[in-house]
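Each remark here refers to the structure printed beneath this line.
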Protein chains: 2
Amino acid sequence: MDDLEIRKTGLKVTAPRIKILDLLQQRADQHLTAEDVYKLLIEEASDIGLATVYRVLTQFEGVGLVKRHHFEGGQSVFELDRGPHHDHIVCLDCGHVEEFIDEVIEKRQRSIVKEKGFTLERHALVLYTHCSRSDCPNRGD
Amino acid sequence: MDDLEIRKTGLKVTAPRIKILDLLQQRADQHLTAEDVYKLLIEEASDIGLATVYRVLTQFEGVGLVKRHHFEGGQSVFELDRGPHHDHIVCLDCGHVEEFIDEVIEKRQRSIVKEKGFTLERHALVLYTHCSRSDCPNRGD
DNA sequence: GGTAAAAACGAGAAGAATTCGCATTTGTGG
DNA sequence: CCACAAATGCGAATTCTTCTCGTTTTTACC
Ligand SMILES: [Mn+2]
Ligand SMILES: [Mn+2]
Ligand SMILES: [Zn+2]
Ligand SMILES: [Zn+2]
């Protein structure tokens, strides 16, 4: 189970934490809002509170288990932190999220900051696009 | 004055709109929240409502007079749209915002999206740093 | 295994940022 | 100037997230 992953972080192993981490692992390719997580857990008959979902996701972020992103518009989205950094492409029409890594961009960012004598802590890069996937409602605009 | 700029957009020339555009022009180098704008106008004895500030900034964004950015944390920030695109460096310690343009990154973004057959509408790139300016409270961390 | 202290939970209230609804005022084209 | 659509200011409403607090769980230790 996920007990170990959670225990390793120093957090207590509780039912909500196990369920949330489980869900994120099963959907490691997705980017979910706290409400998404909450509703999915409710659907599978888990008795959990929305506040707990927010709390746990924030804690998981703190210990490096999940990453939080602020895309344009409302809610924050969360995803399991599967190690190597990546940035995002978001479709403005269907919301589909795709990931990419570009070493040229990464390197360039570092040198821009270095030139100024600053130190880069992190960055957020999101490309807002119109995608071309067959189920996207952008056909015929 | 700003009457022309506003009139050209098709928006009515009203006192709140003139004052807001004026203020943004006087602080063309800054990145202000709606509340910043509101408070600055109140300070100079303008009778204006916060809702109007939000409304007008959103309208200005719609007609291309201002740009809105979603940096990490609370409020959106606004700045006068002075033409050429740029991205941002934000200091996590003092909030200082610096701007930059990097054609290598811009080009790379376009090709990443093109490779997937998507079309790039816009992007958001923010480098979160610790700056080295003398008035930044990051000395001694 | 039992137990006490610390930690976490769920529910609802509270907070922060933004938008909405509406009565009143203002700008504009004729 | 006038009529009327559009814009304003106010407070209420929304939306997203965090906090508070009484109750329940977890865990370290016996
Ligand atoms: Mn991702
Ligand atoms: Mn800027
Ligand atoms: Zn799409
Ligand atoms: Zn700084």
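Protein chains get the first letters and strands the later ones, always in sequence-line order, with residue 1 at the start of each.
Residue contacts for A:T33: at a heavy-atom cut-off of 4.0 Å it reaches no nucleic acid atom on any strand shown. Among the heavy atoms of the strands lying under 4.0 Å from A:T52 is at least one base atom, whether or not backbone atoms are also near.
Electrostatic pairing of B:E61 and B:R68 counts as a salt bridge here, judged by a charged N lying under 4.0 Å from a carboxylate O. With respect to the salt-bridge test (charged N to carboxylate O, under 4.0 angstrom), the residues A:E72 and B:R122 qualify. The pair A:K39-A:E35 meets the salt-bridge criterion, since a charged nitrogen lies less than 4.0 angstrom from a carboxylate oxygen.
Rounded to a whole Å, the NE2 atom of B:H69 is 19 Å from the P atom of C:dA17. Protein atom CD of B:E61 is 13 Å distant from nucleotide atom C1' of C:dT18, rounded to whole Å. We find that NZ of A:K19 is positioned 13 Å from C1' of C:dA8, with the value rounded to whole Å. Taking atom CG on B:L57 and atom C1' on C:dT18, their separation rounds to 12 Å, with Å as the unit. Put simply, CG on A:L41 is 10 Å from P on C:dG10, counting in whole angstrom units. In this structure, B:E35 atom CD and C:dA16 atom C1' are separated by 9 Å, rounded to whole Å. One can place CD of B:Q59 at 10 Å from C1' of D:dA6, the figure rounded to the nearest angstrom. To the nearest angstrom, P of D:dA7 lies 12 Å from CD1 of B:I6.
For A:D36 (side chain) and A:T33 (main-chain N/O), a donor-acceptor pair under 3.5 Å exists by modelled atom type.
Comparing B:K12 and B:R68 by the nucleotide of DNA chain C whose heavy atom lies nearest to each, the residue mapping closer to the 5' end is B:R68. Each of B:A51 and B:A15 was matched to the nucleotide of DNA chain C holding its nearest heavy atom; the match closer to the 5' end belongs to B:A51. Toward the 5′ end of DNA chain D lies the nearest nucleotide of B:L11, the other residue of the pair B:L50 and B:L11 mapping further downstream.
Counting only N and O atoms by type, the side chains of A:H85 and A:E106 include a donor and acceptor under 3.5 Å apart.
In this structure, A:H130 has its ring center no closer than 6.0 Å to that of B:F118.
Phosphate proximity of C:dT18 to B:R55: absent, as no side-chain N or O sits under 4.0 Å from OP1 or OP2. At the phosphate of D:dT18, neither OP1 nor OP2 sits under 4.0 Å from any side-chain N or O atom of A:Y54. For C:dT18, the OP1/OP2 oxygens have a side-chain nitrogen or oxygen of B:S76 closer than 4.0 Å. Within the 4.0 Å cut-off from OP1 or OP2 of D:dA6, not a single side-chain nitrogen or oxygen of B:T14 is found. In this model, the phosphate group of C:dT28 is approached by a side-chain N or O of B:R7 to a distance below 4.0 Å at OP1 or OP2. For A:R17 and C:dA8, the shortest distance from a side-chain N or O to OP1 or OP2 is below 4.0 Å.
When distances run from any side-chain atom of B:V56 to the nucleotides D:dT18, C:dT18, D:dT8, the shortest one goes to D:dT8. When distances are taken from the side chain of B:Q75 to each of C:dA17, D:dC16, C:dA11, the shortest belongs to C:dA17.
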